[in-house]
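Throughout, a chain's letter reflects where its sequence line sits, starting with A, and its residues are numbered from 1.
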2 protein chains.
Amino acid sequence: MDQILSNIKIQINEKLYVKDPETSPLGKKIIEESILLIDSIGFDNFTFKKLGEKIGSNESSIYRYFENKHKLLVYLSSWYWSWMEYRLVFSISNHSDSWEKLKKAIAIVTEKVEDDQKTLHINESILNKIIIAEFTKTFHTKEVDQENKEGFYFIYIRVINRLTTIIKEVNPEYLYAKSLASSIVEGAMHQHFLTDHMQSITDCNQTINPTNFYFDLIEKILKK
Amino acid sequence: MDQILSNIKIQINEKLYVKDPETSPLGKKIIEESILLIDSIGFDNFTFKKLGEKIGSNESSIYRYFENKHKLLVYLSSWYWSWMEYRLVFSISNHSDSWEKLKKAIAIVTEKVEDDQKTLHINESILNKIIIAEFTKTFHTKEVDQENKEGFYFIYIRVINRLTTIIKEVNPEYLYAKSLASSIVEGAMHQHFLTDHMQSITDCNQTINPTNFYFDLIEKILKK
DNA sequence: CAAATATAATAGTAATACTTTCATAATTGA
DNA sequence: TCAATTATGAAAGTATTACTATTATATTTG
């Protein structure tokens, strides 16, 4: 997996950037440090000026890579879901039993991400924290329909479609495979959020995690 | 119900406003028109200046009611969840069977709100649209823990707790009542959002709605 | 009807979200 | 290798946002 991942270049919609950040050291630094800065001060307080100060670069140089911070966040999210998709496809590839595949897939999309050292400039564990905290902001905008048309959420949708396909494999009679898939992906992020900030309305904690909750749930919903 | 609702004054955390908007015509106009303006241009593009222009009042006058637009949104959300809670409590009060109560409760929290004319200055149907589009922004902030301590999300949490209680009544052995309740409330909003903006990853549409999805889901999860 | 309170009008500040211009540094390819 | 191209940095500028403060004028209330 290490080798494969290091050979794969994650493809991101070209409309999300002005200049591809993967093509230069400054671009990579923007990605690397924006993840850390968004995690530390939150997306709402994040500005290109602050990022520039942090990386010792001028604000205007960052604008040569990204039009605005919204597109940077969509870029980071696309990267995340692309990486997720890769791990998902890989993890189910060695299973033929559809039930096993589903459990693997759900584990992948609902588990907290522990840092893996496979990519140099991206800390996946912190990126996962950002996704839990900020991903919903990428599409809760007035421009969502336009941006959806332009494919900004394409990879995220593809991940959910992959999960949907496996759900249908497990139980072709189940009527709500798409809604179940989108509920699990979004819901797992929400349960992680609640674990950290509103413990009183979730059963998840240090010992029980969203994966346990969703394993139990799909067993009851899909087992015939 | 009409009568009861018109007699009840929905209580909102005092920390959310500088001056209670229910105590003056301008205050009520701020509430009424902010709902319409947020719906029309989106919360991100909404400013007190624009609201002032719309209602023929000065920006500075609005600041005498709300410190900032974030607190206004939390105020509107609190109002919404308080109204929800009221309808929920009312709708289950004439049922003794816990399964019937659960179905009623889930219908209330997952159905699209059709405008009801019980309150004069608040359009609940449009407020429901705002909640679907913007509610997640109220707590996806760096200040969430502080604001949670101050009780900003108290009513929302109470609604979820009420649902949790009914779930436990239906099936005391089920291990994830809290997570199920929070998933349903959040998930229903998400499914409504997907219906409007990302049809390809939901089964909900004009004929099937989130309520159908969750009725089926709880039946499979909780029926013994 | 006077006093208190609410609202409006205006101006001002600091930060945000950019854009533009020009200088300089680094890279590339003939 | 050196000229041309491209990338980055520095600085300044604009419009908008998110407020605060001051003063004047309405409106309400006791």
Side-chain angles (χ1 to χ4, degrees), chain A residues 14-34 37-38 40-76 121 134 137-138 140-143 146-147, chain B residues 14-34 37-38 40-76 121 134 137-138 140-143 146-147:
Chain A
E14 287 183 8
K15 288 173 187 157
L16 290 174
Y17 49 77
V18 182
K19 179 182 172 179
D20 185 350
E22 289 294 330
T23 61
S24 77
L26 178 60
K28 284 179 186 167
K29 194 152 205 181
I30 287 170
I31 299 305
E32 177 177 13
E33 301 281 342
S34 67
L37 188 55
I38 291 171
S40 125
I41 64 175
F43 184 68
D44 298 345
N45 302 313
F46 171 87
T47 67
F48 281 178
K49 189 164 192 206
K50 287 176 189 169
L51 179 61
E53 278 157 21
K54 190 180 160 84
I55 67 178
S57 270
N58 196 271
E59 202 186 352
S60 62
S61 303
I62 300 167
Y63 277 105
R64 289 204 190 83
Y65 286 87
F66 293 99
E67 266 178 62
N68 51 52
K69 70 175 186 170
H70 169 71
K71 288 201 173 174
L72 170 60
L73 184 63
V74 180
Y75 178 95
L76 294 175
H121 58 296
E134 319 284 4
K137 292 172 190 169
T138 61
H140 278 105
T141 68
K142 268 284 154 182
E143 298 78 30
Q146 178 57 32
E147 296 189 345
Chain B
E14 288 183 9
K15 288 172 187 156
L16 290 173
Y17 50 77
V18 183
K19 179 182 172 177
D20 185 350
E22 290 293 331
T23 62
S24 78
L26 177 60
K28 284 178 185 166
K29 194 151 204 181
I30 289 169
I31 299 305
E32 177 177 13
E33 300 281 341
S34 67
L37 189 54
I38 292 171
S40 123
I41 62 175
F43 185 68
D44 298 346
N45 302 313
F46 171 87
T47 67
F48 282 178
K49 191 166 190 201
K50 289 175 187 168
L51 179 60
E53 279 157 20
K54 189 180 161 83
I55 66 178
S57 269
N58 198 271
E59 201 186 353
S60 63
S61 303
I62 299 166
Y63 277 105
R64 288 209 189 80
Y65 286 87
F66 292 99
E67 266 178 63
N68 51 52
K69 69 174 184 171
H70 169 71
K71 288 201 174 174
L72 170 59
L73 184 63
V74 180
Y75 178 95
L76 295 175
H121 58 296
E134 320 283 4
K137 293 172 191 169
T138 61
H140 279 105
T141 68
K142 268 286 155 180
E143 298 77 32
Q146 178 57 32
E147 295 189 345

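The main-chain N or O of A:H140 is found under 3.5 Å from a side-chain atom of B:K137 such that the two form a donor-acceptor pair. With B:K69 contributing its side chain and B:D44 its backbone, the two residues share a donor-acceptor pair below 3.5 Å.
Among the protein residues, B:Y63 comes within range of the nucleic acid bases, having at least one heavy atom under 4.0 Å from a base atom. Residue contacts for B:F66: at a heavy-atom cut-off of 4.0 Å it reaches no nucleic acid atom on any strand shown. Residue B:G52 is classed as having no contact, given no heavy-atom separation below 4.0 Å to the nucleic acid. Using a 4.0 Å heavy-atom criterion, one finds that B:S61 contacts the bases of the nucleic acid, with or without backbone contacts as well.
In this structure, B:E67 atom CD and D:dC19 atom P are separated by 9 Å, rounded to whole Å. Atom CG of B:N58 is separated from atom P of C:dT7 by 12 Å (rounded to the nearest Å). Separating the CG atom of B:D44 from the C1' atom of D:dA18 is a distance of 15 Å, rounded to the nearest angstrom. B:E59 has its CD atom 14 Å from the P atom of C:dA11, to the nearest Å. When the C1' atom of C:dT7 is taken as reference, atom CZ of B:F48 falls 16 Å away, rounded to whole Å. Computed from coordinates, the A:L51 CG to C:dA17 P distance equals 13 Å when rounded to whole Å. Atom-to-atom, CZ of B:F46 to P of D:dT17 comes out at 12 Å; the value is rounded to the nearest Å. In this structure, the NZ atom of B:K29 is 16 Å from the C1' atom of C:dA6, given to the nearest Å.
Checked against D:dT17, C:dC22, D:dA18, the side chain of A:R64 finds its nearest nucleotide in C:dC22. Picking from C:dT16, D:dC19, C:dT10 the nucleotide with the shortest atom distance to the side chain of A:K50 gives C:dT16. Checking C:dA8, D:dA11, D:dA7 against the side-chain heavy atoms of B:S57 singles out C:dA8 as nearest.
Nearer to the 5' terminus of DNA chain C, by closest-nucleotide assignment, is the contact made by A:T47 (compared with the other of A:T47 and A:S60).
Between the CD atom in A:E147 and the NZ atom in A:K71 there is a gap of 7.0 Å [rounded to 0.5 Å]. Atoms CD and CG, on A:E33 and A:L26 in that order, are 11.0 Å from each other to the nearest 0.5 Å.
Note on B:K19: a side-chain N or O is less than 4.0 Å away from OP1 or OP2 of C:dT7. One finds no side-chain N or O of B:Y65 lying less than 4.0 angstrom from the OP1 or OP2 phosphate oxygen of C:dA6. Side-chain nitrogen and oxygen atoms of A:S24 include at least one within less than 4.0 Å of the OP1 or OP2 phosphate oxygen of D:dT8. Taking side-chain N and O atoms only, A:K49 has no distance below 4.0 Å to OP1 or OP2 of C:dT16.
Below 30°, between 30° and 60°, or above 60°: for B:F48 and B:F46 the angle between ring planes is above 60°, a perpendicular geometry.
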